[in-house]
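Working notes, structure below.
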Amino acid sequence: MAAAAEGGGGRACFVLGASGETGRALLRELLARRLFARVTLVGRRRLSLGEEAGAAVEQAVVDFERLSEHAAAFQGHDVGFCCLGTTRAKAGADGFVRVDRDYVAQAAELARAGGCRHFVLQSSRGADPRSRFLYLRVKGEVENLVQAVGFDHCTILRPAVLLCKRQESRPTEWMAQQFLGAVARIFPTAYSVPVETVARAMVACVLQPGKGKVEVLENGAIHELGKAMPQQGT
C-alpha cells in the first residue's frame with residue numbers, strides 16, 4: 001500500500017471542507033504521501049497554507065449559494081473528498097441542512113459531470129434518512145443523494161465522535177472529548193476516532209477501493225483502515 005502512495009501519477013483530486021479538522025488532517029496526508037499531482041481545495045475562502053503545500057495545491061473560491069456557477073472548480077478530478085459540514089448550533093437548523101445536505105449533494109453532481117470517478121464522503125455513525133433526529137436524518141439523506149449521482153466508486157465513512165484539537169472554542173464538545181479520550185484508552189474503537197485516523201482511512205479507500213460501487217465504512221472499519229496505513233515519518 002505504501003508503494004502505491006508514492007508520486008501523483010498525473011492524477012488530481014479535490015477536497016471540500018479542508019478548513020475543518022478532518023479536512024486539514026486529510027490535506028496533510030495527501031501532501032505527505034504525494035498521492036496526487038494536483039489537489040484542489042474548494043471552499044468559500046482561501047486558506048493560509050504553509051510552504052509545504054507547494055505548487056500541487058490549488059484553491060477554488062466558490063459561492064455555495066450559487067454553486068452551479070462554479071462548475072469549473074470541479075472539472076478534471078479523478079477523486080473527490082468531502083469533509084464539508086457545520087453544526088445546528090453554529091448555522092441554525094436550516095443552515096445545517098443547507099450545508100450538510102444541499103451543498104454536498106450539488107457538489108457531488110458537479111463533480112460527476114466534471115469527470116470524477118470516486119467520491120469519498122465523511123458522514124456520521126447512525127446516519128439514517130428515517131431518523132427522528134435532524135443530524136442523523138440529514139446525514140442519511142445526503143448519503144442517499146450522493147449514491148444516486150452514479151460515481152464509479154462511492155465510499156461513505158461513518159465515524160463516531162471525532163477526537164481532535166479544534167481551532168474554534170466549543171467548551172461542551174471539549175469536555176465530551178476529554179471524557180471520550182479517556183474511554184478510548186479502554187475501548188479504542190467503540191465510541192470515538194481521531195481525525196487523523198479518519199483521514200488515513202480516506203486515503204486508504206482510494207488506494208484500495210472496495211469491489212462494489214458503494215462501500216460504507218463504520219467506525220470499527222475506519223479504525224482498521226487507518227491503522228493499516230503506515231503513518232508518515234515512521
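Ring planes of Tyr135 and Phe96: parallel class, angle under 30° (limits at 30 and 60°).
The shortest side-chain heavy-atom distance between Leu157 and Val120 falls under the 4.5 Å cut-off. In this structure, Met202 and Cys83 have side chains that are in contact, with non-hydrogen atoms separated by less than 4.5 Å. Side-chain contact between Leu145 and Asp102 is absent, with no heavy atoms from C-beta onward closer than 4.5 Å. The shortest side-chain heavy-atom distance between Thr40 and Cys13 does not fall under the 4.5 Å cut-off. Contact check for Leu49 versus Gln59: side-chain heavy atoms found under the 4.5 Å cut-off. Between Tyr103 and Val97 there is no side-chain heavy-atom pair separated by less than 4.5 Å. No side-chain heavy atom of Val161 sits under 4.5 Å from any side-chain heavy atom of Val193. Considering only heavy atoms from C-beta on, Lys139 stays 4.5 Å or farther from Arg158 through its side chain.
Without hydrogens or angle criteria, Arg200 side chain to Gly226 main chain gives a donor-acceptor distance under 3.5 Å. Distance alone, capped at 3.5 Å, is enough to place a donor-acceptor pair between the Asp78 side chain and the Ala12 backbone. Formation of a donor-acceptor pair under 3.5 Å by the Arg117 side chain with backbone atoms of His153 is not found in this model. Between the side chain of His70 and the backbone N or O of Asp63, at least one donor-acceptor pair lies under 3.5 Å. Although no hydrogens or angles enter the test, the distance criterion places a donor-acceptor pair under 3.5 Å between the side chain of Thr87 and the main chain of Lys90. The main-chain N or O of Cys154 is never found under 3.5 Å from a side-chain atom of Lys213 such that the two would form a donor-acceptor pair. At distances below 3.5 Å, not a single donor-acceptor pair connects side-chain atoms of Asn219 with backbone N or O atoms of Pro159. The closest donor-acceptor contact from the side chain of His223 to the backbone of Ser192 lies under 3.5 Å. Judged by distance alone, the side chain of Glu58 and the main-chain N or O of Val39 form no donor-acceptor pair under 3.5 Å.
Remark: Cys82 engages Leu16, Leu84, Val104, Phe119, Leu121 in a side chain to side chain contact (heavy atoms under 4.5 Å, CB included) (not counting sequence neighbours).
Here the straight-line distance linking atom CG of Leu136 with atom CZ of Arg130 works out to 12.0 Å at 0.5 Å rounding. Note that the CZ atom of Arg88 and the CG atom of Asp100 stand 12.5 Å from one another [nearest 0.5 Å]. The structure places CG of Leu110 at 11.0 Å from SG of Cys116, a figure rounded to the nearest 0.5 Å. How far CD of Glu21 is from CD of Glu196: 9.0 Å, rounded to the nearest 0.5 Å. Note that CD1 of Ile222 and CD of Gln122 are 8.0 Å apart. Values are rounded to the nearest 0.5 Å. Remark: Glu109 CD to Ser68 OG distance equals 10.5 Å, nearest 0.5 Å.
Scanning all heavy atoms of the two residues, the minimum distance from Ala18 to Arg24 falls at O-CG, 3.2 Å.
Applying the 6.0 Å contact sphere to CZ of Arg38 captures more than 12 heavy atoms from other residues, nucleotides or ligands. The number of heavy atoms from other shown groups lying within 6.0 Å of CZ (Arg137) is above 12.
The hydrophobic clustering, which links ILVMFWY residues whose side-chain heavy atoms are closer than 4.5 Å, places Phe36 and Leu31 together. Val142 and Leu67 fall within the same hydrophobic cluster, where Ile, Leu, Val, Met, Phe, Trp and Tyr residues are linked whenever their side-chain heavy atoms come under 4.5 Å apart, directly or through other members. The hydrophobic clustering, which links ILVMFWY residues whose side-chain heavy atoms are closer than 4.5 Å, places Leu41 and Phe74 apart. Taken together through direct or relayed side-chain contacts under 4.5 Å among Ile, Leu, Val, Met, Phe, Trp and Tyr, Phe14 and Val62 form part of one hydrophobic cluster. Cluster annotation: Phe151 and Val203 are assigned to distinct hydrophobic clusters (Ile/Leu/Val/Met/Phe/Trp/Tyr, side-chain heavy-atom contacts under 4.5 Å, transitive).
The existence of a salt bridge linking Glu224 and Lys227 is excluded, since no basic side-chain nitrogen approaches an acidic carboxylate oxygen closer than 4.0 Å. A salt bridge between Glu69 and Arg66 is present, with a side-chain N of the basic residue lying under 4.0 Å from a carboxylate O of the acidic one.
In this structure, a donor-acceptor pair under 3.5 Å is present between the side chains of Thr155 and His118.
Here the options are Thr22, Leu27, Leu26, the test is side-chain contact (heavy atoms from CB on, under 4.5 Å), and the partner is Phe81; only Leu26 passes.
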